[in-house]
Amino acid sequence: MNYWLIKSEGDCYSIDDLKKDMKSPWSGVRNFQARNFMRDRIKVGDLALFYHSSSTNKDLPNGVYGIAEVASSPYTDESAFDKKDEHYDPSSDKRRVESLKNKIPFEPTWVLVDFAFKKKFDTPFTLSEIKIDPKLDGMLVRQKGSRLSIQPVSEKHFNYIVTKRQ
DNA sequence: GCCAACGTTGGC
DNA sequence: GCCAACGTTGGC
């Protein structure tokens, strides 16, 4: 089993939204490294820290707000083909249209997995706490300019954060 | 709202 | 294949 950290902007899709929906397709990832994690390494049942980023709300500081569970295998992210979607990708749509026209197999550029709600922490484990805790040395999210929206987390770090919030 | 850091694009 | 320019992310 692997552990992950998934980022979302709190104003955009929060842990409360996931709790309400119970399960959500993690669409809109347009970064190749993050895509590769979903396509090649993420497995059903893997657990992920749910991280809120870029918060301008003082009551919702950046940090880990709870836990989500991987609830599907990777599948095509259809939003890449939707002109009205904010994550529309013309080049991937063009590839798809060409493949349909020429009746050749198509490997979608962008895939996604579903995440299911697992748990919300009573209090978030904030980024500032993560940064000062020696037990969390080496966590990717601590690195300045860590822009990966899906990143691996070690079992040790995962368990440490979860235990601290139980 | 600013700006540094990063990934991606496009011209050469 | 390099690298400058660009757009986006994310912390403050």
Side-chain angles (χ1 to χ4, degrees), chain A residues 2-19 21 24-42 46-68 70 74-99 106-115 117 120-121 123-154 157-158 160-162 164-165:
Chain A
N2 287 311
Y3 298 91
W4 307 93
L5 180 146
I6 55 174
K7 286 187 198 170
S8 180
E9 296 189 22
D11 315 330
C12 184
Y13 193 82
S14 71
I15 186 132
D16 290 324
D17 293 325
L18 184 62
K19 187 176 182 180
D21 297 341
S24 174
W26 212 249
S27 66
V29 171
R30 298 290 180 267
N31 171 285
F32 289 108
Q33 222 182 329
R35 189 277 314 265
N36 292 347
F37 286 137
M38 286 200 286
R39 195 186 57 187
D40 306 330
R41 287 184 53 192
I42 287 181
D46 281 359
L47 297 176
L49 300 170
F50 194 110
Y51 181 91
H52 283 186
S53 66
S54 293
S55 176
T56 49
N57 183 346
K58 281 252 188 321
D59 301 327
L60 290 172
N62 291 350
V64 176
Y65 280 71
I67 305 168
V70 178
Y75 59 99
T76 306
D77 184 349
E78 298 288 337
S79 71
F81 312 136
D82 180 357
K83 285 189 176 62
K84 279 175 256 149
D85 193 278
E86 64 170 317
H87 299 292
Y88 173 58
D89 179 1
S91 62
S92 108
D93 192 27
K94 194 162 163 252
R95 279 185 58 216
R96 182 191 59 128
V97 170
E98 287 295 309
S99 75
F106 173 64
E107 285 288 320
T109 307
W110 304 113
V111 298
L112 56 76
V113 298
D114 293 343
F115 279 99
F117 175 79
K120 185 186 175 184
F121 295 156
T123 49
F125 203 109
T126 64
L127 180 62
S128 41
E129 287 176 84
I130 289 172
K131 281 191 165 167
I132 58 167
D133 197 323
K135 287 276 200 315
L136 296 176
D137 273 354
M139 259 190 98
L140 283 176
V141 77
R142 270 169 61 148
Q143 290 173 12
K144 199 177 180 188
S146 160
R147 294 172 53 173
L148 252 188
S149 59
I150 298 177
Q151 48 185 257
V153 172
S154 74
H157 290 158
F158 183 90
Y160 179 77
I161 287 177
V162 171
K164 280 255 169 180
R165 283 297 177 270

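Lettering follows sequence order; numbering is per chain, from 1.
Partners of Asp85(A) according to the salt bridge (Lys or Arg N to Asp or Glu O under 4.0 Å) rule, which considers only residues two or more places apart in sequence or in another chain, do not exist here. Tyr3(A) pairs by the ring-ring contact (aromatic ring centres under 6.0 Å, His included) definition with Phe158(A), not counting sequence neighbours. Glu98(A) is linked by a salt bridge (Lys or Arg N to Asp or Glu O under 4.0 Å) to Lys101(A), counting only residues two or more places apart in sequence or in another chain. Taking the salt bridge (Lys or Arg N to Asp or Glu O under 4.0 Å) definition, one finds that Asp46(A) meets it with nothing, sequence neighbours left out.
Counting non-hydrogen atoms under 4.0 angstrom, Ser146(A) reaches the backbone sugars and phosphates but no base.
Rounded to a whole Å, the NE2 atom of His87(A) is 18 Å from the P atom of dG7(C). The nearest whole Å value for the distance from the CD1 atom in Ile150(A) to the P atom in dG7(B) is 15 Å. Asp89(A) places its CG atom 15 Å from the C1' atom of dT8(C), with the value rounded to the nearest Å.
Just one residue in the list Asn62(A), Ile132(A), Val64(A) forms a side chain to side chain contact (heavy atoms under 4.5 Å, CB included) with Leu127(A), and that residue is Asn62(A).
Using bins of under 30°, 30° to 60° and over 60° for the plane-to-plane angle, the ring pair His52(A)/Tyr65(A) lands in the parallel bin.
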Pairs under 3.5 angstrom, nitrogen or oxygen only, protein versus nucleotides 3-5 of chain C, please.
none

Can you give me the N/O atom pairs linking the protein to nucleotides 9-12 of chain B at distances under 3.5 Å, or say none if there are none?
none

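Annotation: side chain of Asn36(A) is not in contact with side chain of Gln33(A) (no heavy-atom distance under 4.5 Å). Taking 4.5 Å as the limit, some side-chain heavy atom of Lys7(A) sits within range of a side-chain heavy atom of Gln151(A).
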